[in-house]
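A quick write-up on the structure given underneath.
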Amino acid sequence: MADGQDEFLAPRRGGMNVVLNAIVERFTQRSPVTVMVRRTLEHALSSQWIDEVFEAQRDKQ
């Protein structure tokens with residue numbers, strides 16, 4: 001992805017990024033809606049808010 005949107009996959013460059021891209025590609029081929037929803041949620045919700053919700057709920061799980 002030339003537009004820099006693959007940064008969520010792996011902050012590091014190199015082998016790990018290649019592996020993650022292959023995994024995402026498999027999911028995209030088998031379940032494109034799942035991948036689209038995840039990408040949408042990643043951009044719609046802040047990381048800080050998700051972390052706060054997780055911390056507040058982790059004892060209840």
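Nothing here was measured: the structure is a model prediction, and the numbers come from that model. Heavy atoms only: backbone and side chains are in, while hydrogens, waters and symmetry mates are out.
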- Query: According to a 4.5 Å side-chain heavy-atom criterion applied to Ile, Leu, Val, Met, Phe, Trp and Tyr, with indirect links allowed, do F27 and V19 form part of one hydrophobic cluster?
  - Reply: yes
- Query: Atom CD of E52 and atom OG of S46: how far apart are they, to the nearest 0.5 Å?
  - Reply: 7.0 Å
- Query: Same hydrophobic cluster for V33 and I23, using side-chain heavy-atom links shorter than 4.5 Å among ILVMFWY?
  - Reply: no
- Item | Minimum heavy-atom distance P32-Q29, with the two atoms named | CD-O, 4.3 Å
- Message: Does Q48 have more than 12 heavy atoms from other residues, nucleotides or ligands lying within 6.0 Å of its CD?
- Response: no
- When rounded to the nearest 0.5 Å, the distance separating OG1 of T40 from CG of L45 is 10.0 Å
